[in-house]
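What follows is a single structure, written as structure tokens, with notes after it.
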Protein chains: 2
Amino acid sequence: MQLGLQTAVADRPSYVAASGAVKLDKHRSVFLAGGEADRFFEVESGAVMVYQLLDDGRRQVVEIVFPGSICGLAKGDEHEFCCETLMPTVLRSHKRTALAQSDVLRTRVVDSLQQQLATLHDHTVSLGRKTAEERICTLILRLQEQAGEDDDVAVALPMSRTEIADYLGLTLETVCRTITQLVRRKVLTPGSTRSEIGIPNIERLRTAACAA
Amino acid sequence: MQLGLQTAVADRPSYVAASGAVKLDKHRSVFLAGGEADRFFEVESGAVMVYQLLDDGRRQVVEIVFPGSICGLAKGDEHEFCCETLMPTVLRSHKRTALAQSDVLRTRVVDSLQQQLATLHDHTVSLGRKTAEERICTLILRLQEQAGEDDDVAVALPMSRTEIADYLGLTLETVCRTITQLVRRKVLTPGSTRSEIGIPNIERLRTAACAA
DNA sequence: CGCCTGTTTGACGACAGTCAAATTAGGTGG
DNA sequence: CCACCTAATTTGACTGTCGTCAAACAGGCG
């Protein structure tokens, strides 16, 4: 199997050290595996992805983190994963030690962790038991909900085909082919841009996503 | 695809409502999807698995919870997943509302959630990017570490082949075949029981698990 | 206008799934 | 203690979904 990392690697870890808000543009590194994990981050706007690279180049995106959630909170003193922005993003950085001191922060973190755990559980079901088609539909559905209830007929895809593939445990070719088939079957409609996709009938999409 | 639930379904949710420790034996339900989620559980000894059933019968085990970790902490007021014991298990049940009240508990929960998130991240990499063989080796390695540092040559598998399959996103046939091949290749050795497996050379196992 | 990167499509192969049968364990009762 | 019975596991033969390799296409930016 020869998968993943079909894109360029992100640049050096942008120095996000100051406490407080930091603005990064698209495709900037937030932290790298092996880096010191003395700080963690709250996403205030935008989105980041957390991923791991296997030594033969396979890449798995394990989480997409949206505003309100956190990333980079490791147990050990080194990050095991890499993290980079998917779009221009504002992060708030906290010292890990702040967790022990601030009740407010801790409460906020518990909420986020619960949320993330639940999302990860769902994603595990996708990866373990869903077909390529079901995974794609599930992701689009989630992005649709994430986008806020704007009765949108179109959803913006904040990620490239390769990133989608690496998140869904597929290849970019399979992602392309599957989207094409879904469009052909009218489950989706082509968006004005390729980073956008239309949802003619959300119920049909839900069915195709195999909501349990 | 026709996967999962090749075992009998667990029995009714055992009534684990009292606050405090509860002892359950093997293959007892802790909670069911759709059940009221006003309580969560700390595993004190034993182990449980958290899983989801898709409507066509596919099953995905999303988490194996060992002592010190928690399960059943949902965001909504209903469980989305099912949970049952893998072996005789002692659980401590807490009201969800207790979280807001007890700092000590909240701290403990943050630790557990962090731990679980990290494990889930690793598992996501397995499901998304690893081959059947790598997944099996990764699991055995994890069970070995979990078992405590007893320089063991043998590891107890607390779960059936079907449960392993449903955790690793494989079929039970693939699990069997893959273990057979690993034994043939001397990466593993047959245990005295089928619920036990030998590790002749842990480094070789690590290599086969594709530690990133 | 043309390159460069990301995306789409095609042809083919392989890993894992499906269906089915054989074998082995574990548990029970004689 | 042994024979039997049932469920779990193992193995086999074959199929299908998705991955691999490769080429064509399209969109964005200088």
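Just so you know, these numbers come straight off a predicted model, no measurement behind them. Protein chains get the first letters and strands the later ones, always in sequence-line order, with residue 1 at the start of each.
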- Rounded distance in Å - NZ (B:Lys26) to C1' (D:dA8): 11 Å
Show me, pair by pair, the donor-acceptor contacts under 3.5 angstrom made by side chains of residues 30-38 of chain A, not counting sequence neighbours?
none

- Tell me whether the centres of the aromatic rings in B:His94 and B:Phe41 are closer together than 6.0 Å. no
- Provide, to the nearest angstrom, the distance between the CD1 atom belonging to A:Ile179 and the C1' atom belonging to C:dG6. 13 Å
- Pair A:Arg142 + A:Glu145, salt bridge at N-O below 4.0 Å: no
- Mind calculating the distance between CG (B:Leu157) and P (D:dT10) to the nearest angstrom? 10 Å
- Could you check whether B:Thr193 gets within reach of a base, just the sugar-phosphate, or nothing at all, counting any heavy atom under 4.0 Å? sugar-phosphate
- Item | Atom-to-atom span, CZ of B:Arg161 to P of C:dT23 - whole angstrom | 19 Å
- Item | Proximity to the side chain of B:Leu170 - top-ranked nucleotide from D:dT10, D:dG19, C:dA16 | C:dA16
- Query: Roughly, in whole Å, what's the span from CG in B:Leu172 to C1' in C:dA21?
  - Reply: 14 Å
- Which nucleotide in the list D:dC18, C:dT7, C:dG17 gets nearest to the side chain of A:Ala132? D:dC18
- Taking the six-membered ring of B:Phe40, is NZ or CZ of B:Arg96 closer than 6.0 Å to its centre and within 45° of its axis? no
- Message: Expressed as a whole number of angstroms, how long is the span from A:Glu173:CD to C:dA14:P?
- Response: 17 Å
- Report the distance from atom CG of B:Leu182 to atom P of D:dT10, rounded to the nearest whole Å. 12 Å
- Could you give the CD1-to-P distance, from B:Ile164 to D:dT9, as a whole number of Å? 8 Å
- Note on the structure: Only one of A:Arg177, A:Gln181, A:Arg185 passes side chain to side chain donor-acceptor pair (under 3.5 Å) with A:Glu133, and that residue is A:Arg185
- Message: Using a heavy-atom cut-off of 4.0 Å across all strands, would you classify A:Thr180 as base, sugar-phosphate, or nothing?
- Response: sugar-phosphate
- Query: Do NZ/NE/NH1/NH2 and the carboxylate oxygens of B:Asp166 and A:Arg129 come within less than 4.0 Å?
  - Reply: yes
- Query: Can you check whether A:Thr162 has a side-chain N or O nearer than 4.0 Å to OP1 or OP2 of C:dG6?
  - Reply: no
- Task: Would you indicate which nucleotide in D:dT11, D:dC18, D:dG19 comes nearest to any side-chain atom of A:Thr131?
- Result: D:dC18
- Query: In degrees, rounded to 10°, what is the bend between the two ends of the helix from C:dC1-D:dG30 to C:dG30-D:dC1, using five pairs at each?
  - Reply: 40°
- Message: The side chain of A:Thr174 is closest to which nucleotide in this list: D:dG19, C:dA16, C:dG17?
- Response: D:dG19
- Of the candidate nucleotides D:dT11, C:dA25, C:dA16, which contains the atom at the shortest distance from the side chain of B:Arg194? C:dA25
- Give a yes or no on whether a donor-acceptor pair under 3.5 Å exists between the nucleobase atoms of C:dG10, that is its base, and the side chain of A:Arg177. yes
- salt_bridge(A:Arg108, A:Glu42) N-O dist < 4.0 Å: yes
